[in-house]
Amino acid sequence: MSKGLTSRTEDYSQWYNELVSKADLAEHSSVKGCMVIKPYGYAIWEKMQAVLDQKFKDTGHSNAYFPLFIPKSFFSKEASHVDGFATECAVVTHYRLKNDGNGNIIVDETAKLEEELIVRPTSETIIWNTYKGWIQSYRDLPILVNQWANVVRWEMRTRLFLRTTEFLWQEGHTAHATQAEAIAETEQMLNVYADFAENWMAVPVLRGKKTANERFAGALDTYCIEALMQDGKALQAGTSHFLGQNFAKAFDVKFTNREGKIEYVWASSWGVSTRLIGALIMAHSDDFGLVLPPKMAPIQVVIVPIYKGDEELQKISATAQQIMGDLKAKGISVKYDNRDTQRPGFKFAEYEMKGVPLRIAIGGRDLENNTVELARRDTRSKETVSNQGLANLIENLLTEIQQNIFDKALLNRAEKSTRVDTYEEFKKVLDDKTGFVYAHWDGTPETETKIKEETKATIRCIPLDNPLENGFCIYTGKPSKQRVVFARAY
RNA sequence: CGGGAUGUAGCGUAGCCCGGUAUCGCGUCAGCAUGGGGUGCUGGAGGUCGCAGGUUCGAAUCCUGCCAUCCCGACCA
């Protein structure tokens with residue numbers, strides 16, 4: 001691991017890239033646009049999965065698995081869905097290779113697929129094709145299924161975690177007897193995501209609806225959680241879609257309701273991806289490396305011994321083991337780094353880069369005094385504390401750190417949220433101050449598109465709890481009933 | 001797919017204009033010392049100079065073609 005990190009103010013993008021690499025989260029693979037998620041980065045994903053998976057189960061969902069490949073004909077059935085994804089699909093056309101006689105492996109042209117297969121960019125089509133066979137009566141509803149999977153979207157430009165050609169995610173797909181129930185499900189899952197983002201990832205989010213332009217291809221309504229990064233750019237952190245009867249109609253999924261009438265099934269889908277790791281990184285980290293909220297940290301506490309010779313190490317290790325036992329009893333994950341191959345200072349820097357929330361250093365002086373040195377990653381403060389009641393102290397500190405990290409992110413968002421009433425002001429804020437810009441909009445896709453073309457800012461969402469307020473569109477001057485949230489986004 | 005740039009050791013680089021078999025840093029390996037914030041010294045290993053042609057006694061360097069990657073745009077969780 002090399003020293004130092006480009007500062008955020010100097011070059012935010014480079015800071016991000018170096019951080020991902022130096023914190024050992026991920027690296028570029030030999031496959032263009034695809035990343036290798038390294039063990040430490042994957043451990044964060046596993047933390048996310050564990051929490052989300054439990055939340056899904058607590059809200060009545062079950063996991064299942066659907067194929068990676070989708071027949072092209074399925075994919076074409078829902079018109080706006082195809083339009084949305086057509087330009088970024090990987091297509092399988094052949095199923096065999098052969099030797100061309102010169103030692104080269106080539107595609108065997110005689111092994112052409114009857115029907116080409118799409119590598120799923122999302123699974124609505126294959127799932128609704130399947131649901132058709134599962135649903136006949138209202139008694140079969142609702143179906144509440146989630147799958148953890150990889151998907152492929154052939155992106156032009158990629159960035160580790162934020163946008164890669166292949167990424168990991170979960171996609172929930174539910175089927176309901178009524179519109180109201182499907183909408184309630186859509187909203188419920190949005191709240192699950194928001195709760196996860198704020199109370200686990202310590203990332204404050206806006207809950208809102210997307211405008212028609214930003215809506216998921218095939219949805220009637222797209223709900224989202226929007227987070228603000230430290231550089232003032234917005235990041236869509238999760239989406240939940242009310243699909244109406246669009247996919248039921250496309251795949252002819254009907255059921256007999258209580259009244260004996262035949263009706264199309266109502267649907268929702270919702271997902272979050274490994275992009276959340278990008279959000280986590282950019283929301284909290286500093287110029288010294290990653291800053292992880294304790295609830296998302298693969299290692300919450302690291303213990304570094306400082307010693308001269310084996311004998312002293314033995315003594316320190318005994319103390320360390322005792323502390324580890326106390327912490328583990330409280331469900332705190334702890335690592336004792338007694339590698340003799342690195343020096344303490346190196347380890348300090350390394351765990352700082354990796355965002356471990358708390359570090360305990362134990363040296364000879366501490367043994368004499370029954371103390372340890374305790375260092376917080378979020379504030380980078382150090383203090384020497386007594387061994388007595390250490391586990392309780394740490395337990396409380398972890399809670400405090402979790403809160404502190406959230407508060408900081410919330411403060412950043414508050415500082416970077418601005419209300420503007422003119423287009424001039426709007427552009428100036430976007431350029432100079434960045435962040436969320438609350439402005440009136442006439443509600444038309446045309447105006448939204450114009451603003452996007454001229455400023456690169458998009459409407460991130462119309463907040464769900466948005467107060468009504470009469471005003472005039474900053475672009476056209478037409479009357480407007482509420483402000484919407486604009487930002488430049490990842 | 002348009003506009004720009006770059007390919008030299010695991011990583012980052014110098015050398016290229018002005019041809020003579022490759023520089024430095026990090027990392028790595030060995031030994032000794034060191035150990036409370038990225039340790040020091042000594043010694044070692046590691047290179048088809050993106051690929052293929054061409055010019056030349058001789059090419060990382062000059063010429064031609066190709067490939068790849070990165071940045072900016074269009075597209076996007």
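From a predicted model like this one, the values you see are computed outputs, not experimental measurements. Reckoned from all heavy atoms, side chains included, excluding hydrogens, waters and symmetry mates. Per chain, numbering begins at 1; letters A, B, ... match sequence-line order.
For the pair A:K55 and A:F196, the cation-pi test (distance below 6.0 Å, angle within 45°) is failed. For the pair A:R159 and A:Y490, the NZ or CZ position fails the cation-pi test of under 6.0 Å to the six-membered ring centre and within 45 degrees of the ring normal. Both tests do not hold together for A:R377 against A:Y351: distance to the six-membered ring centre under 6.0 Å, angle to the ring axis within 45°.
In this model, the phosphate group of B:rG37 is not approached by any side-chain N or O of A:R359 to a distance below 4.0 Å at OP1 or OP2. In this structure, A:K22 does not reach the B:rC11 phosphate: none of its side-chain N or O atoms is under 4.0 Å from OP1 or OP2. Dashed line: the shortest gap from a side-chain N or O of A:R343 to OP1 or OP2 of B:rU39 is under 4.0 Å. Of the side-chain N and O atoms in A:K382, none sit less than 4.0 angstrom from OP1 or OP2 of B:rG37.
Between A:R460 and A:L5, the residue anchored closer to the 5' end of RNA chain B is A:L5, taking for each the nucleotide with the nearest heavy atom. Residues A:F161 and A:G33 each lie close to RNA chain B; by heavy-atom proximity, the contact nearer the 5' end of the strand is made by A:G33.
Atom-to-atom, CD1 of A:I225 to P of B:rA77 comes out at 14 Å; the value is rounded to the nearest Å. Atom-to-atom, OH of A:Y307 to P of B:rG37 comes out at 15 Å; the value is rounded to the nearest Å. The distance between atom CZ of A:R120 and atom C1' of B:rA77, rounded to the nearest whole Å, is 15 Å. Protein atom CD of A:E155 is 15 Å distant from nucleotide atom P of B:rG73, rounded to whole Å. B:rG37 atom P lies 12 Å from atom CD of A:E352, rounded to whole Å. For the pair A:L367 CG and B:rG36 C1', the computed distance is 12 Å after rounding to whole Å. Spacing between atom NZ of A:K32 and atom P of B:rG50 amounts to 20 Å, rounded to whole angstrom units. Rounding to whole angstrom units, CZ of residue A:R377 and C1' of B:rG37 are separated by 13 Å.
Nucleotides B:rG38 and B:rG27 place their P atoms 13 Å apart, quoted to the nearest Å. To the nearest whole angstrom, the two C1' atoms, one in B:rC11 and one in B:rG47, are 14 Å apart.
Taking the side chain of A:D340 as heavy atoms from C-beta on, and the options B:rC70, B:rG36, B:rG35, the nearest nucleotide is B:rG35. Set against B:rG73, B:rA77, B:rG36, the side chain of A:K456 has B:rG73 as its closest nucleotide.
You can call A:F167 stacked on the base of B:rA77; the centres are under 5.5 Å apart and the planes sit within 30°.
Residue pairs meeting the salt bridge (Lys or Arg N to Asp or Glu O under 4.0 Å) criterion with at least one member in residues 290-317 of chain A, sequence neighbours excluded, do not occur.
Side-chain atoms of A:Q342 and base atoms of B:rG38 include no donor and acceptor less than 3.5 Å apart.
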